[in-house]
Engineer: 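I am attaching a structure below and will ask some questions about it afterwards.
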Amino acid sequence: MEISVEALTKAQAEAELARLADLLAKANHAYHAEDAPEISDAEYDAARRRNAEIEARFPDLKRADSPTDQVGAGPDEGFGKIPHAVRMLSLGNAFEDEDVAEFDSRVRSFLGLPRNAPLAYTAEPKIDGLSLSLRYENGRLTQAATRGDGAVGENVTANARTIKDIPQQIENAPETLEVRGEVYMSHADFEALNSRHAERGGKTFANPRNAAAGSLRQLDATITAARPLRFFAYAWGALSAPLADTQMAAIDRLKQLGFQTNPLTRLCRSTRELIDHYTSIEAQRATLGYDIDGVVYKVDDLALQARLGFRSTTPRWAIAHKFPAETAWTRLGAIDIQVGRTGALSPVARLAPVTVGGVVVSNATLHNEDYIAGRDSKGSVIRDGKDIRVGDWVQVYRAGDVIPKVADVDLSKRPDDARPYDFPTTCPECGSDAVREEGDAIRRCTGGLICPAQAIEKLKHFVSRGAFDIEGLGARQIEMFFADETLPIREPADIFTLRERDAQNLARLKNRDGWGDTSAENLFAAIETRRKDIAFDRVLFGLGIRHVGEAAARDLARHFATWQGLEKALDRARPAAMAHRRADLAEETERRRATSEGRRARIKPMRETAFNIEPVEADALDSWNELIAIDGVGPALALSLSDAFANPRERASIDRLIALLTIQATEAPTDDSPVAGKTVVFTGTLEKMTRAEAKARAEALGAKVSGSVSGKTDLLIAGPGAGSKARKAADLGVEIIDEDGWIVLIGGL
DNA sequence: GTGCCTCGAGTTCC
DNA sequence: CTCGAGGCAC
């Protein structure tokens with residue numbers, strides 16, 4: 001018999017660790033290399049767990065070759081990255097009962113179900129912890145990954161193996177099964193852990209969620225083993241065989257496989273029942289023994305879930321009904337103005353520190369000028385029109401339990417001398433005029449690159465993750481280099497001349513505080529890696545041009561393929577862009593004049609006036625039209641892009657950068673779906689799926705769905721009752737198929 | 001002209 | 001995470 005871990009002497013523990021290390025190493029080798037396990041999975045798991053427990057009790061005895069540190073086939077370096085086979089998405093939120101009713105209507109209208117047709121949902125508590133994806137191959141746990149950004153998570157396999165609710169081995173499971181759920185800590189375990197830490201003078205956690213997060217993300221799995229983490233399973237990712245036909249049955253199946261599932265999961269047959277269950281869970285909230293922050297509703301029928309599919313970041317078939325956020329009152333000490341990369345002036349509330357939902361908050365966003373004054377962007381009254389003043393007592397909450405916001409003001413506590421806030425009309429960073437354009441909620445600094453705040457924020461954006469993502473050159477380093485006198489980085493091109501300038505400099509980087517030979521060389525090497533090989537869309541996104549985010553940059557890069565292609569198109573389109581800009585200005589001047597004269601003049605839309613002012617040559621017009629014909633690119637984006645390239649100062653900075661880089665041309669995505677890259681049009685009545693569903697499926701397969709038939713149309717799907725579109729398509733020689741043909745083409749419903 | 005939907009931009013705290 | 005606004009379909 002094994003001696004219990006608590007009873008082991010130190011010498012016994014040391015011998016035991018050696019034995020277990022040997023045993024597990026052999027078992028690992030047998031399993032991975034020879035595919036012939038020498039011990040049963042249960043024995044393997046028990047050995048692994050015992051090893052972790054002994055290490056937790058005698059941390060100083062932990063071996064250099066500790067099995068805890070070895071994950072599956074390879075060692076775990078820090079936290080490796082694991083791409084999710086099926087993306088881990090977040091959920092849409094509902095706050096009011098009406099939001100739940102709207103969710104139900106959205107689902108029904110997407111599926112083409114009448115209002116009174118039966119439609120069942122599951123409802124379960126939303127655990128406030130961290131989501132985790134567990135991969136089982138042939139019943140054995142092989143990988144555990146955090147959510148990460150949804151596409152790629154962190155490898156926390158060694159840590160997950162120490163959690164008792166997570167089985168190492170499951171029977172009668174599909175060959176491949178990814179189980180998803182929430183890691184959390186109970187209230188009781190959290191209190192005990194904190195008092196244990198407090199006794200030892202260690203740091204305590206602010207709340208169970210942080211404690212669970214901190215425990216799971218330990219590099220040393222023996223620490224995780226000593227922390228009382230738990231796990232509820234509620235979903236799945238990749239599967240080699242379906243678990244069940246319904247959500248409810250799938251959850252039952254997970255339970256049979258040995259996972260903990262939440263006992264408050266219910267099947268509900270109407271929004272009324274959903275709300276009732278929500279109310280019931282809310283009433284039990286305080287006595288559950290663990291934190292929850294709402295109730296999750298899911299369409300029960302998995303076939304319907306599949307039809308509903310996903311929007312860009314959330315599934316259409318589920319929603320989180322959140323409990324009202326916790327609020328707190330505190331005093332507003334000051335209002336500061338921050339200047340963003342596009343020059344936006346954002347007011348930030350400096351608050352007397354106050355605890356909201358287990359976190360101490362001392363800053364909160366005030367959105368914009370109108371929000372402070374008590375209006376929303378459309379001019380409607382908010383907070384009963386109460387404005388926010390320095391010195392006021394304000395109510396703070398954390399939107400989505402994350403972002404602190406000021407919700408309300410207590411007028412009865414307003415100091416006599418409190419004055420309405422005067423929003424600055426000049427930039428606090430550079431003194432340039434800060435202007436608010438017609439219809440815009442945001443006031444912006446007009447200083448452009450002259451404004452140090454804008455320059456530095458642009459640089460931070462340039463090195464950010466979606467752009468150049470240079471290791472060792474984050475926001476902190478950018479601030480440091482921006483202020484540097486001998487080795488400054490004031491614009492993106494400066495990054496790529498850093499090494500050369502450093503070499504010419506007496507005050508070398510490696511001799512500075514916090515820097516050495518290795519760190520300086522690592523930085524130069526990281527910069528060089530990106531300089532030699534960077535994707536076109538990343539460069540474009542990195543420039544930080546207004547309206548050009550990641551998606552738009554990708555679309556533009558795909559369309560133009562090369563930097564020179566884009567540059568030429570913009571230069572050619574410039575006269576048309578300038579005509580638009582002038583027409584814009586003329587329109588605004590006209591509106592001002594009309595308003596000042598007290599007339600309600602009817603203003604012509606921009607496009608009608610634009611070319612009345614100044615005819616533009618056909619070449620420029622063509623280029624402009626090519627630009628705004630790109631999916632997702634409209635006049636606002638095209639104008640902003642054109643402006644950036646037309647501004648001499650900005651263009652020079654861009655040219656200096658481009659001259660230093662080797663940019664990869666972008667190829668159109670290759671997709672093997674038969675409709676990928678095709679433009680398709682639906683007409684007539686679809687009987688097997690709704691319009692919205694057909695469109696979503698087509699887009700998911702890489703097709704572009706258009707509303708009208710033109711020369712660019714590749715395929716028309718015509719249902720019964722098709723009329724003029726079908727005739728036009730026939731005239732143009734466009735391929736026409738019926739709904740059944742379409743369903744065959746896309747590989748079934 | 002109106003109403004989604006997606007994307008961009010700005011934000012806090014650990 | 002949220003809000004605003006651009007883009008696009010209806």
Side-chain angles (χ1 to χ4, degrees), chain A residues 90-93 95 102 105-106 109-110 130 203 205-207 209-214 217 293 310-314 316 320 322 325 336-351 353 355-371 376-378 382 396-407 436-444 453-454 457-458 460-461 464 466 541 544-555 605-606 628-641 681-682 691-692 695-696 699 704-708:
Chain A
S90 50
L91 294 177
N93 289 324
F95 296 97
E102 277 169 26
S105 334
R106 272 203 307 277
S109 87
F110 191 94
L130 306 88
K203 65 159 190 172
F205 292 101
N207 53 53
R209 210 197 93 87
N210 284 357
R217 299 192 72 264
D293 57 0
F310 302 90
R311 299 218 316 234
S312 64
T313 57
T314 57
R316 288 196 187 85
K322 296 298 212 49
D336 284 352
I337 300 288
Q338 295 183 350
V339 181
R341 114 180 113 84
T342 60
L345 266 52
S346 306
V348 180
R350 305 295 177 198
L351 306 164
T355 303
V356 192
V359 174
V360 178
V361 164
S362 43
N363 303 306
T365 175
L366 290 167
H367 295 295
N368 56 46
E369 204 165 341
D370 286 345
Y371 189 82
D376 72 7
S377 61
K378 293 172 201 86
I382 52 171
V396 185
Y397 72 105
R398 297 203 303 147
D401 281 328
V402 182
I403 312 286
K405 295 174 69 165
V406 172
R436 226 181 126 172
E437 286 190 18
E438 190 72 37
D440 204 345
I442 291 165
R443 188 173 286 278
R444 291 191 148 85
Q454 284 191 54
E457 292 305 317
K458 272 204 162 193
K460 284 184 194 169
H461 172 78
S464 69
F541 173 61
I545 296 163
R546 185 137 94 97
H547 297 140
V548 183
E550 269 182 292
R554 206 165 42 237
D555 294 342
M606 176 171 113
I628 60 175
I630 299 169
D631 217 13
V633 177
L637 197 159
L639 216 44
S640 169
L641 197 58
V681 177
F682 294 94
R691 251 338 145 77
K695 181 171 184 289
E699 283 171 353
K704 180 179 174 338
V705 179
S706 170
S708 55

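To find a chain, count down the sequence lines: A is the first, B the second, and so on, and within it residues start at 1. Keep in mind that what you see is a predicted model, and the values were worked out from it rather than measured.
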Engineer: Counting only side-chain nitrogens and oxygens, does A/N210 get under 4.0 Å of the OP1 or OP2 atom of B/dC13?
Structural biologist: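 Checking B/dC13 against A/N210, no side-chain N or O comes under 4.0 Å of OP1 or OP2.
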Engineer: Roughly, in whole Å, what's the span from CZ in A/R554 to P in B/dC7?
Structural biologist: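 Answer to the nearest Å: 8 Å.
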Engineer: For A/F205, check ring pair (Phe, Tyr, Trp, His ring centres under 6.0 Å) against everything at least two apart and list the hits.
Structural biologist: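 Testing A/F205 for ring pair (Phe, Tyr, Trp, His ring centres under 6.0 Å), a comparison that skips the adjacent residues, returns none.
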Engineer: Hey, are A/R436 and A/D370 close enough for a salt bridge, meaning a charged N less than 4.0 Å from a carboxylate O?
Structural biologist: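 Between A/D370 and A/R436 there is a salt bridge, with a charged N closer than 4.0 Å to a carboxylate O.
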Engineer: From B/dT12, C/dT2, B/dC7, pick the nucleotide closest to the side chain of A/P404?
Structural biologist: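 It is B/dT12.
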Engineer: List every contact pair, protein side and nucleotides 8-10 of chain C side both N or O, where the distance is under 3.5 Å.
Structural biologist:
| unit_1 | atom_1 | unit_2 | atom_2 | d |
| --- | --- | --- | --- | --- |
| C/dC8 | OP1 | A/G632 | N | 2.8 |

Engineer: My understanding is that only residues two or more places apart in sequence, or in another chain, count here; which of them pass side chain to side chain donor-acceptor pair (under 3.5 Å) with A/R316?
Structural biologist: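 Result, side chain to side chain donor-acceptor pair (under 3.5 Å) vs A/R316: none returned.
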Engineer: Would you say a side-chain N or O of A/R398 is under 4.0 Å from OP1 or OP2 of B/dT12?
Structural biologist: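 So the side chain of A/R398 is outside the cut-off, no N or O lying under 4.0 Å from OP1 or OP2 of B/dT12.
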Engineer: As a test of reading the structure: which of C/dC3, B/dT11, C/dA5 is closest to the side chain of A/A441, going by heavy atoms?
Structural biologist: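 Side chain of A/A441 sits closest to C/dA5.
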Engineer: Please report, rounded to the nearest Å, how far the C1' atom of C/dA5 is from the CG atom of A/L637.
Structural biologist: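 After rounding, the reported distance stands at 12 Å.
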Engineer: For B/dT11 and A/Q338 - does any side-chain N or O of the residue sit under 4.0 Å from the phosphate oxygens OP1/OP2?
Structural biologist: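 It does, given that an N or O in the side chain of A/Q338 lies less than 4.0 Å from OP1 or OP2 of B/dT11.
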Engineer: Which listed nucleotide (B/dT12, B/dG10, B/dG8) is nearest to the side chain of A/N363?
Structural biologist: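 Of B/dT12, B/dG10, B/dG8, B/dT12 is nearest to the side chain of A/N363.
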Engineer: Using a heavy-atom cut-off of under 4.0 Å over every strand shown, decide if A/A206 touches base, sugar-phosphate, or nothing.
Structural biologist: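 It contacts nothing in the nucleic acid.
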Engineer: Give a yes or no on this: more than 12 heavy atoms of other residues, nucleotides or ligands lie within 6.0 Å of atom CZ of A/R350.
Structural biologist: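 More than 12 heavy atoms, drawn from other residues, nucleotides or ligands, come within 6.0 Å of this atom.
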Engineer: Suppose we screen for side chain to side chain contact (heavy atoms under 4.5 Å, CB included). Which residues come up paired with A/S640, at least two apart in sequence or across chains?
Structural biologist: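 A/S640 satisfies side chain to side chain contact (heavy atoms under 4.5 Å, CB included) with A/I545, A/R546, A/H547 only.
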Engineer: At less than 4.0 Å, is any side-chain N or O atom of A/K405 found next to OP1 or OP2 of B/dT12? Yes or no.
Structural biologist: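 For B/dT12, neither OP1 nor OP2 has a side-chain N or O of A/K405 closer than 4.0 Å.
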Engineer: Nearest to the A/V348 side chain among B/dT12, B/dG8, C/dG7, which nucleotide is it?
Structural biologist: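 Ranking B/dT12, B/dG8, C/dG7 by closest atom to the A/V348 side chain puts B/dT12 first.
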Engineer: Run the side chain to side chain contact (heavy atoms under 4.5 Å, CB included) test against A/S90 and tell me which residues pass, sequence neighbours left out.
Structural biologist: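 With sequence neighbours excluded, A/S90 shows a side chain to side chain contact (heavy atoms under 4.5 Å, CB included) to A/R147, A/T314, given in chain and number order.
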Engineer: Between B/dG10, C/dG7, C/dG4, spot the one nearest the side chain of A/N368, thanks.
Structural biologist: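 Nearest to the side chain of A/N368 among the choices is C/dG4.
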Engineer: Among residues at least two apart in sequence or on other chains, which ones pass side chain to side chain contact (heavy atoms under 4.5 Å, CB included) with A/R341?
Structural biologist: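 With neighbours one apart ignored, the set is A/E457, A/K458, A/H461.
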Engineer: Send over the distance from A/H367 NE2 to C/dA5 P, rounded to a whole Å.
Structural biologist: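 These atoms are roughly 13 Å apart.
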Engineer: Out of B/dT11, B/dG8, B/dG10, which has the shortest distance to the side chain of A/A344?
Structural biologist: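 Nearest nucleotide to the side chain: B/dG10.
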Engineer: Reckon A/F95 touches a base, only the sugar-phosphate, or nothing at all at heavy-atom distances under 4.0 Å?
Structural biologist: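 A/F95: backbone/sugar contact only, no base atoms under 4.0 Å.
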Engineer: side-chain contact (heavy atoms from CB on, under 4.5 Å) for A/V396 and A/L351? Distances and angles first, verdict last.
Structural biologist: CA-CA 9 Å; A/V396 185; A/L351 306 164; 3.9 Å; yes
Engineer: Respond yes when some side-chain nitrogen or oxygen of A/S346 is under 4.0 Å from OP1 or OP2 of B/dT11, and no when none is.
Structural biologist: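 For B/dT11, OP1 or OP2 has a side-chain N or O of A/S346 closer than 4.0 Å.
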Engineer: Which nucleotide, C/dG6, B/dC7, B/dC14, lies nearest any side-chain atom of A/V359?
Structural biologist: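 Nearest to the side-chain atoms of A/V359, counting from C-beta on, is B/dC14.
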Engineer: Return no unless some side-chain N or O of A/S362 is found under 4.0 Å from OP1 or OP2 of B/dT12.
Structural biologist: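 Answer is no, no contact under 4.0 Å.
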Engineer: Round to the nearest Å and state the distance from A/E457 atom CD to B/dT11 atom P.
Structural biologist: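 It works out to 8 Å between those atoms.
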Engineer: Send over the distance from A/Y371 OH to B/dA9 C1', rounded to a whole Å.
Structural biologist: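 After rounding, the gap between these two atoms is 18 Å.
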Engineer: I need the NE2-P distance between A/H547 and C/dG7, as an integer number of Å.
Structural biologist: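 After rounding, the reported distance stands at 7 Å.
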Engineer: Which whole-number value in Å describes the distance from A/R106 CZ to B/dC5 C1'?
Structural biologist: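 Going from CZ in A/R106 over to C1' in B/dC5 covers 11 Å.
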Engineer: Can you check the A/I382 CD1 to C/dG4 P distance for me, whole Å?
Structural biologist: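 Roughly 9 Å, once rounded to whole Å.
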Engineer: For B/dG10, take OP1 and OP2 only and decide whether either is under 4.0 Å from a side-chain N or O of A/T342.
Structural biologist: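 Yes, within the criterion.
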